Amino acid sequence: MRIFESTRDKKCQASASLAILNGLAEDGGLYMLRDLSELKIDLNSILDLDYYQLAELILGKLLDDYTAEEIHHCVHAAYEGKFSADDITPLVKVGDVHLLELFHGPTSAFKDVALSILPHLVTTALEKHGVDDEIIILTATSGDTGKAALAGFKDVKNTKIMVFYPEEGVSAVQKRQMETQTGNNVCVASIKGNFDDAQSSVKQIFTNHELAARMKQNHQQFSSANSINVGRLMPQVVYYFKAYADLVKRGEIKLYEAVNFAVPTGNFGNILAGYLAKQMGLPVAKFICASNENNILTDFMNTGIYDRNRAFKKTLSPSMDILISSNLERYLYMLCGYDNEQVRLWMNELQEKGSYSIGKELLEKLQSEFWADCADNAKTKEIIKQCYEANHYVLDTHTAVAYAAAMKFANQQINNQKTVVLSTASPYKFVGSVYEALTGKQEADEFSLMQKLADLCGVAIPLNLAKLNELPIRHENHLAKEAIQSFVEKKLGEKQW
Ligand SMILES: *Cc1c(COP(=O)(O)O)cnc(C)c1O
């Protein structure tokens with residue numbers, strides 16, 4: 001059985017299913033596998049697999065204390081009949097690049113791919129271990145994780161889910177998606193503060209040992225639906241292989257030819273999943289790490305210095321408005337050769353002075369695998385318009401940031417490999433910004449704009465969004481960030497939410 005260990009302490013260990021139940025390692029580090037080299041996927045053998053078979057193969061290797069039957073059950077329960085595309089994550093050619101559309105799930109965001117399966121991995125783990133604790137999922141969200149997690153965990157036995165989002169930091173559609181969530185085990189609250197405030201508060205609650213001990217007595221324990229949870233991260237590895245197989249089957253590339261992946265990045269989960277795919281044998285030339293005006297990762301990849309001492313900006317791609325990219329910690333752990341001690345030092349520095357530096361040697365290693373760029377709001381809008389005019393394809397604001405980076409990468413001829421751009425949301429989720437980019441017109445009511453955008457571009461509104469403004473609002477909690485913990489404790493005492 002493969003053992004996950006904390007990025008900060010190798011003595012802090014768990015099997016895959018326990019890592020999923022725990023969410024965060026107890027020392028505050030992230031669970032990770034030490035070595036993925038034994039997990040190589042034979043590329044030739046995946047060409048004929050459908051999404052389900054591919055997911056079973058890959059998750060079977062990564063989460064190997066689940067039986068094949070358990071993984072089979074989780075994969076089918078997650079995806080069958082839940083996505084509007086038969087192949088779950090379709091690849092479409094747009095101009096010179098290929099867009100990997102990850103937004104055909106129940107909430108029209110890429111996070112559905114992982115959050116559709118996570119609840120099944122959690123409940124299966126509870127059964128496996130005979131744990132009769134109730135799992136309380138605590139989630140900080142910049143918008144998309146929240147709704148996708150609520151939809152995934154809604155009415156799932158022995159679980160409850162609580163979501164915190166920044167009041168001013170999400171689109172009107174995202175906000176409404178969360179406020180209208182049904183289910184007797186769900187709770188949603190907005191907070192005064194930004195995503196980093198929400199994420200830090202949640203992490204603090206996770207590592208509060210005194211609270212954990214009290215909960216244990218009441219047969220409750222926390223877990224996470226953020227990409228700090230390996231059950232959230234690993235399902236994202238699958239679609240990188242799927243995209244590659246599609247390129248080969250369509251004759252776009254030869255088997256074993258390397259490709260680039262351009263990823264709109266916030267918490268570094270999506271791009272890290274790609275990096276794991278590479279460790280498992282996927283031929284990747286470069287990962288193009290694309291940021292919005294919160295371009296801390298662009299700076300980091302160019303200088304080797306991660307410095308969060310800067311202003312947090314609200315942008316048109318709110319799901320990427322993040323200054324502390326949690327999953328970068330997992331990459332650092334791999335980059336420095338699984339040196340937990342080193343990772344702990346960097347994370348302490350980040351905590352204490354807001355920055356750390358990885359040095360020249362590691363920076364060079366990083367730059368051999370990653371290339372980073374950022375796009376501001378003006379550039380994002382310009383790209384949406386350009387891409388529509390050239391290809392009659394509407395990008396959402398997040399995907400546009402990655403598309404812009406991919407264009408620049410091609411122009412600068414960093415390499416000549418084919419590029420796949422990960423498309424992370426339906427343009428209808430960010431319809432106000434997208435409509436403005438296309439027409440120059442600003443309108444306040446995002447809900448009537450959806451129909452206008454549909455009329456303009458001829459792409460159907462996803463069903464889950466079409467009737468959103470008619471649904472009753474069920475959640476109206478607004479909190480100061482200092483009040484999160486006491487709110488959580490109060491809710492823990494309530495039988496039904
Ligand atoms: C979450 C999200 C991202 C960023 O993904 P990370 O895994 O956090 O880097 C990009 N685009 C959209 C639409 C998202 O919801």
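Keep in mind that what you see is a predicted model, and the values were worked out from it rather than measured. Ligands are counted one by one from 1 in listed order, and the atoms in each one are counted from 1 as well.
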Show which atoms of ligand 1 fall inside a sub-4.0 Å distance from at least one heavy-atom site of [X].
X: T265; result: 9 (O)
X: G269; result: 6 (P), 7 (O), 9 (O)
X: A425; result: 13 (C)

Assess the side chains of D321 and T315: does a donor N or O sit below 3.5 Å from an acceptor N or O?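 Yes, a side-chain donor-acceptor pair sits under 3.5 Å.
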Does one side chain, of E329 or T7, offer a donor that lies under 3.5 Å from an acceptor on the other?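 There is such a pair between these side chains.
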Measuring from atom 13 (C) of ligand 1, which candidate in V401, T107, N226, D144 has the nearest non-hydrogen atom?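 Closest candidate by heavy-atom distance is D144.
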Looking at non-hydrogen atoms alone, which of N267, T145, L233 comes nearest to atom 6 (P) of ligand 1? N267
Record the part of F268 in heavy-atom contact with ligand 1 below 4.0 Å; permitted values are side chain, backbone, both and neither. backbone
Mind checking whether K111 contacts ligand 1 via backbone (N, CA, C, O), side chain (CB onward), both or neither, at a 4.0 Å heavy-atom cut-off? side chain
Considering only non-hydrogen protein atoms, determine which one is nearest to [atom] and report residue, atom name and distance to 0.1 Å.
atom: atom 10 (C) of ligand 1; value: P264 O, 3.5 Å
atom: atom 7 (O) of ligand 1; value: N270 N, 2.8 Å
atom: atom 9 (O) of ligand 1; value: G266 N, 2.8 Å
atom: atom 12 (C) of ligand 1; value: T424 OG1, 3.4 Å

Are K381 and E436 close enough for a salt bridge, meaning some N to O gap below 4.0 Å?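 The answer is yes: the pair qualifies as a salt bridge.
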Using a strict 4.0 Å threshold on nitrogen-to-oxygen distance, state whether E369 and K365 make a salt bridge. no
Mind checking whether F430 has an N or O less than 3.5 Å away from an N or O of ligand 1?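 In fact, backbone or side chain, F430 has no N or O that close.
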Passing candidate, side chain to side chain contact (heavy atoms under 4.5 Å, CB included) with F409, options D373, V97, I288: I288
Passing candidate, side chain to side chain contact (heavy atoms under 4.5 Å, CB included) with S227, options L30, L115, L272, N267: N267
Touching ligand 1 at all, S227? Heavy atoms, strictly under 4.0 Å? no
Keeping the roles fixed (side chain from H398, backbone from S319), state whether a donor-acceptor pair exists under 3.5 Å. yes
List the atom of M178, the atom of G143, and the distance in Å for their closest heavy-atom pair. CE-O, 3.8 Å
In sequence, state the C-alpha distance, the side-chain angles, and the governing distance for K242 and D87, and then conclude on salt bridge (charged side-chain N to carboxylate O under 4.0 Å, His left out). CA-CA 9 Å; K242 160 79 165 48; D87 64 344; 3.2 Å; yes
